[in-house]
Student: 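Let me begin by handing over the structure; questions about it come next.
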Amino acid sequence: MPKILLAGGAGYIGSHTAVELLNTGYEVIVADNYSNSSSEAIRRVELLTSKSVKLYQADVRDKKALSEIFSGNKIDAVIHFAGLKAVGESVEKPIMYYRNNIDTTLSLLETMQEYGVKNIIFSSSATVYGEANPVPYLETMKRGACTNPYGWTKSMMEQIFEDAAKADKKLSVILLRYFNPIGAHESGMIGEAPQGIPNNLMPYVTQVAVGKRECLTIFGNDYPTPDGTCTRDYIHVVDLAKGHVKAIEYILDNHCMEIFNLGTGTPYSVTEIVETFERVNNVKVNHVYGARRAGDLAECYANADKALKVLGWKTEKTLEDMCRDSWNWQKNNPDGYI
Ligand code: NAD
Ligand code: UDP
């Protein structure tokens, strides 16, 4: 079976993707520097699948480390998850974000070129649609102006991949624009383990529910949406992981430069998330309504038709599944992988 290198594969989305790839029969190699993860996630991936992962502790910017990985393994395709992803931190430390996120991409592309590896899938984000495009977002829309350095790194890296694919006719690239991944593997063994105070909604909700934080602040209830709170396209991380398997199958069979939205196409509001979480898990989530958070868009959701048409992929899990699985992970692992 083909060998797939997951750069940043010990993280939240990478570990779930590793499970789905292994269960489909692919061989999985992971390179991660554990800057936002731990090897424990991969140990659990192995337990869950009864398969082994070749694991390298490596900084993906480091071309010497990458050379060792590429020379020791005949890699068929790379999925590039490695990156820093906290929006607020990127505003405070833009240089660190540009350095890490762009260098990982350049080092991977250069090393792939050196070793003749021709297939790469990149973790992009709905953030590249920017502020001006109307919802639902379509892959044919132009990238817009981002509101923070994290978003700009994604936008710039998309440009780098497009230019590289244009110049190297044998290089195949798939840019996957994720919407809002939440949830966890239904086993409760792997999930999202943010360090410090969570930036994202669902980990904050679960930490309030488990008593680690006192109260969720809902950022704004005066948006032009049905209940006044922002809407997002929340997607179960296992559905997202399965989208990667479909993208791998596609890229191994087709020479391509394609962009796919990975979302459900259905927006839910912050209030709906909190209410659904409380209802399906029978727990209370203390919350108050506060001021808007700078840079937030009122609405963000995908048109997910292309992924269905071309990859044969669509989401299968419900918002209830997302809330239940997030809680199951949090309850079983109140301090993450520790
Ligand atoms: P994550 O932080 O859990 O995973 C990223 C992994 O990359 C971590 O394991 C981290 O240790 C590793 N990493 C970072 N820099 C590295 C480096 N220089 N060398 C080696 N490893 C490095 O995040 P995630 O949620 O799994 O996200 C994966 C990718 O998807 C990221 O690129 C992220 O920007 C993108 N993305 C995430 C979301 C989201 O909401 N989670 C949304 C859109 C896009
Ligand atoms: N949100 C919130 N309180 C929080 C964290 C997030 O009300 O403590 C809201 C935020 O304003 C947004 C939604 O939840 O409308 C999703 O935010 P997240 O940071 O998870 O994703 P993104 O903003 O990147 O879509």
Side-chain angles (χ1 to χ4, degrees), residues 6-17 30-39 41-42 56-62 65-66 79-88 90 96-97 99-105 107-108 122-128 147-148 150-151 153-154 157 175-182 190-195 197-205 207-208 213 215-221 223 225 229-235 237 240-241 244 262-263 267-271 273-274 287-301 336:
L6 308 189
Y12 172 47
I13 302 169
S15 55
H16 287 82
T17 302
V30 165
D32 204 299
N33 66 356
Y34 308 135
S35 58
N36 195 37
S37 56
S38 81
S39 58
I42 297 301
Y56 291 86
Q57 178 167 9
D59 192 312
V60 174
R61 291 173 293 181
D62 178 354
L66 285 184
I79 309 183
H80 179 18
F81 299 101
L84 301 174
K85 62 161 186 175
V87 170
S90 81
M96 185 172 97
Y97 269 68
R99 172 62 79 197
N100 190 73
N101 291 1
I102 296 192
D103 272 5
T104 51
T105 300
S107 293
L108 271 173
F122 174 60
S123 300
S124 190
S125 165
T127 193
V128 302
T147 53
N148 57 74
Y150 165 75
T153 69
K154 291 293 177 197
M157 290 186 284
L175 308 176
L176 296 179
R177 293 180 179 161
Y178 308 157
F179 282 69
N180 286 59
I182 58 171
I190 56 171
E192 186 171 14
Q195 296 170 351
I197 302 170
N199 302 289
N200 296 109
L201 178 63
M202 186 52 88
Y204 209 103
V205 166
Q207 291 196 6
V208 171
R213 315 222 166 254
C215 187
L216 169 78
T217 301
I218 295 180
F219 298 138
N221 60 350
Y223 283 99
T225 59
T229 64
C230 294
T231 64
R232 295 288 181 271
D233 185 337
Y234 296 95
I235 172 172
V237 68
L240 185 67
H244 291 72
L262 295 185
Y268 288 104
S269 74
V270 182
T271 302
I273 295 288
V274 173
H287 58 276
V288 291
Y289 290 96
R292 290 183 178 196
R293 180 173 69 177
D296 273 348
L297 299 177
E299 299 175 290
C300 172
Y301 58 98

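Each ligand, and each atom within it, is numbered from 1 in the order the structure gives. Each residue takes its place number in the sequence, starting with 1.
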Student: Asn101 and His80: which non-hydrogen atoms are nearest, and at how many Å?
Tutor: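 Closest pair (atom of Asn101, atom of His80, distance): O-NE2, 4.5 Å.
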
Student: If you measure every N/O of Tyr204 against every N/O of ligand 2, is any gap under 3.5 Å?
Tutor: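 No, Tyr204 has no N/O under 3.5 Å of an N/O on ligand 2.
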
Student: So which heavy atom in the protein is nearest atom 4 (C) of ligand 2, and how far is it from that ligand atom?
Tutor: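 In this structure, atom 4 (C) of ligand 2 has Phe219 CE1, 3.2 Å as its nearest protein heavy atom.
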
Student: Do you know which two heavy atoms are closest between Tyr223 and Cys230, and how far apart they sit?
Tutor: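 Scanning both residues completely, I find the closest heavy atoms to be CE1-SG, 3.3 Å.
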
Student: Which is closest to atom 17 (O) of ligand 2 in terms of heavy atoms, Arg293, Glu299, Arg232?
Tutor: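 Checking each option, the heavy atom nearest atom 17 (O) of ligand 2 is found in Arg293.
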
Student: Could you tell me which atoms of ligand 2, counted from 1 in the order shown, lie closer than 4.0 angstrom to a heavy atom of Cys230?
Tutor: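 Counting atoms of ligand 2 from 1, those under 4.0 Å from Cys230 are 15 (O).
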
Student: Number the atoms of ligand 1 from 1 as they appear, then name those within less than 4.0 Å of a heavy atom of Tyr150, with their elements.
Tutor: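 The list of qualifying atoms is 33 (C), 34 (O), 35 (C), 36 (N), 43 (C), 44 (C).
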
Student: Would you mind checking which non-hydrogen protein atom is closest to atom 31 (C) of ligand 1, with the distance to 0.1 Å?
Tutor: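 The closest one turns out to be Phe81 O, 3.2 Å.
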
Student: Which atoms from ligand 2 have a heavy atom of Asp296 less than 4.0 Å away?
Tutor: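 So the answer, numbered in order with elements, is 10 (C), 11 (O), 23 (O).
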
Student: Which ligand 1 atoms, with their elements, are less than 4.0 angstrom from a heavy-atom of Gly11?
Tutor: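 So the atoms of ligand 1 that pass are 3 (O), 4 (O), 9 (O), 26 (O).
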
Student: Going by heavy atoms in the side chains, are Arg232 and Leu201 under 4.5 Å from each other?
Tutor: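 Counting from C-beta outward, Arg232 and Leu201 never come under 4.5 Å.
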
Student: Show the nearest heavy-atom pair for residues Ala58 and Ala65, with the distance to one decimal.
Tutor: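 So the minimum-distance heavy-atom pair works out to CB-CB, 4.0 Å.
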
Student: Going by the atom numbers of ligand 1, which of them fall below 4.0 Å from some non-hydrogen atom of Ser123?
Tutor: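 Heavy-atom distances to Ser123 below 4.0 Å select 29 (C), 30 (O), 32 (O), 35 (C).
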
Student: Below 3.5 Å, N or O to N or O, backbone or side chain included: is there any such pair between Ser37 and ligand 1?
Tutor: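 Yes, since at least one N or O of Ser37 sits under 3.5 Å from an N or O of ligand 1.
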
Student: Of the backbone atoms (N, CA, C, O) and the side-chain heavy atoms from C-beta on, which set of Asn36 has a member under 4.0 Å from an atom of ligand 1: side chain, backbone, both, or neither?
Tutor: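 Contact part for Asn36 vs ligand 1: both backbone and side chain.
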
Student: Considering distance alone, does some N or O of Lys85 sit under 3.5 Å from an N or O of ligand 1?
Tutor: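 Among all N and O atoms of Lys85, at least one is under 3.5 Å from an N or O of ligand 1.
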
Student: For residues Tyr289 and Thr229, determine if any side-chain heavy atom of one lies less than 4.5 Å from a side-chain heavy atom of the other.
Tutor: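 Result yes, sub-4.5 Å side-chain heavy-atom pair found.
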
Student: Going by the atom numbers of ligand 1, which of them fall below 4.0 Å from some non-hydrogen atom of Thr104?
Tutor: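 Those qualifying, in numeric order: 17 (C), 18 (N).
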
Student: Could you tell me, atom by atom, which parts of ligand 2 come under 4.0 Å of a heavy atom of Ile218?
Tutor: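 Near Ile218, the atoms of ligand 2 are 7 (O).
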
Student: When you look for heavy atoms under 4.0 Å from ligand 2, do you find them on the side chain of Asn200, its backbone, both, or neither?
Tutor: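 The answer is both, backbone and side chain.
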
Student: Looking only at protein heavy atoms, identify the closest one to atom 8 (C) of ligand 1 and say how far it is in Å.
Tutor: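 Answer for atom 8 (C) of ligand 1: Asp32 OD2, 3.6 Å.
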
Student: For ligand 1, is there an atom lying under 4.0 Å from some heavy atom of Ala41?
Tutor: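 No, Ala41 has no heavy atoms under 4.0 Å from ligand 1.
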
Student: Heavy-atom distance to atom 16 (C) of ligand 2: which of Tyr234, Tyr289, Phe179, Tyr268 wins?
Tutor: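 Closest candidate by heavy-atom distance is Tyr234.
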
Student: Just distances here: any N/O of Val60 and N/O of ligand 1 closer than 3.5 Å?
Tutor: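 The answer is yes, given that Val60 and ligand 1 share an N or O pair closer than 3.5 Å.
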
Student: Work out whether the distance between some heavy atom of Tyr223 and some atom of ligand 2 is less than 4.0 Å.
Tutor: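 Per 4.0 Å heavy-atom rule, Tyr223 does not contact ligand 2.
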
Student: Select one of side chain, backbone, both or neither to describe which atoms of Thr127 lie under 4.0 Å from any atom of ligand 1, heavy atoms only.
Tutor: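 For Thr127, no heavy atom sits under 4.0 Å from ligand 1.
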
Student: Has ligand 1 got any nitrogen or oxygen that is less than 3.5 angstrom from a nitrogen or oxygen of Ile13?
Tutor: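 Yes; the residue has a nitrogen or oxygen that sits under 3.5 Å from a nitrogen or oxygen of the ligand.
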
Student: Kindly give the heavy-atom pair with the smallest separation between Leu6 and Gly14, and that separation in Å.
Tutor: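 So the minimum-distance heavy-atom pair works out to CD1-O, 3.7 Å.
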
Student: Within the 4.5 Å heavy-atom criterion, are Pro267 and Asp233 side-chain neighbours or not?
Tutor: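 A side-chain contact is absent here, since even the closest heavy-atom pair is not under 4.5 Å.
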
Student: Give me the nearest non-hydrogen protein atom to atom 6 (C) of ligand 1 as residue plus atom name, then the distance to 0.1 Å.
Tutor: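 I find the closest protein heavy atom is Gly8 O, 3.5 Å.
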
Student: Using a strict 4.0 Å cut-off to heavy atoms of Asn180, name the atoms of ligand 2 that fall inside it.
Tutor: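 Contacts of ligand 2 toward Asn180, numbered from 1: 21 (O), 22 (P), 25 (O).
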
Student: Find all atoms of ligand 1 within a distance of less than 4.0 Å from any non-hydrogen atom belonging to Ser125, and give their numbers and elements.
Tutor: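 The list of qualifying atoms is 43 (C), 44 (C).
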
Student: Give the atoms of ligand 1, by number and element, whose distance to some non-hydrogen atom of Asp59 is under 4.0 Å.
Tutor: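 So the atoms of ligand 1 that pass are 17 (C), 18 (N), 19 (N).
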
Student: Does ligand 1 have an atom that lies less than 4.0 angstrom from a heavy atom of Ser124?
Tutor: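 Distance cut 4.0 Å: Ser124 passes for ligand 1.
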
Student: Answer with side chain, backbone, both or neither: which part of Ala126 has a heavy atom less than 4.0 angstrom from an atom of ligand 1?
Tutor: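 Within the 4.0 Å criterion, Ala126 makes no contact with ligand 1.
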
Student: Quick check: closest heavy atoms across Ile13 and Phe81, and the distance to 0.1 Å?
Tutor: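 For Ile13 versus Phe81, the nearest heavy atoms are CG2-CE2, 3.7 Å.
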
Student: Please report which non-hydrogen protein atom sits nearest to atom 20 (O) of ligand 2, along with the residue it belongs to and the distance in Å to one decimal place.
Tutor: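 Checking every protein heavy atom, the shortest distance to atom 20 (O) of ligand 2 gives Leu201 N, 2.9 Å.
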
Student: I'd like to check which ligand 1 atoms, numbered from 1 as shown, lie under 4.0 Å from a non-hydrogen atom of Tyr34.
Tutor: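 Listed by number with element, the hits are 11 (O).
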
Student: Before you tell me yes or no, could you show the steps for Ser123 and Tyr178 under side-chain hydrogen bond (donor to acceptor under 3.5 Å, both in side chains), namely the whole-Å CA-CA distance, both residues' side-chain angles and the distance that decides it to 0.1 Å?
Tutor: CA-CA 7 Å; Ser123 300; Tyr178 308 157; 2.8 Å; yes

Student: Kindly check if the number of other-residue, nucleotide or ligand heavy atoms within 6.0 Å of CZ (Arg99) is above 12?
Tutor: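 No, the 6.0 Å shell around CZ holds no more than 12 heavy atoms from other groups.
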
Student: Quick test: of every protein heavy atom, which one is nearest to atom 17 (C) of ligand 1, and how far off is it to 0.1 Å?
Tutor: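 Answer for atom 17 (C) of ligand 1: Asn33 ND2, 3.3 Å.
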
Student: At under 4.0 Å between heavy atoms, which part of Lys154 makes contact with ligand 1: side chain, backbone, both or neither?
Tutor: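 The answer is the side chain.
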
Student: Where the side chain of Asn148 meets the backbone of Tyr150, is there a donor-acceptor pair that is under 3.5 Å apart?
Tutor: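 Side chain of Asn148 to backbone of Tyr150: a pair is present.
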
Student: Considering only heavy atoms from C-beta outward, does the side chain of Lys85 approach that of Asn36 to under 4.5 Å?
Tutor: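 A side-chain contact under 4.5 Å exists here.
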
Student: Going by the atom numbers of ligand 2, which of them fall below 4.0 Å from some non-hydrogen atom of Leu216?
Tutor: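 Answer, ordered by atom number: 3 (N), 4 (C), 8 (O).
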
Student: Mind running side-chain contact (heavy atoms from CB on, under 4.5 Å) on Asn199 and Val87 for me, showing each step along the way?
Tutor: CA-CA 8 Å; Asn199 302 289; Val87 170; over 6 Å; no

Student: Please list, in number order, the atoms of ligand 2 under 4.0 Å from a heavy atom of Asn199.
Tutor: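 Once the distances to Asn199 are compared, the set is 5 (C), 19 (O).
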
Student: So do the side chains of His287 and Val208 get within less than 4.5 Å of each other, counting heavy atoms only?
Tutor: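 SC-SC contact between His287 and Val208 ruled out.
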
Student: Go through ligand 1 atom by atom and flag the ones less than 4.0 Å from a non-hydrogen atom of Gly83.
Tutor: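 Counting from 1, the qualifying ligand atoms are 5 (C), 7 (O), 13 (N), 14 (C), 15 (N).
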
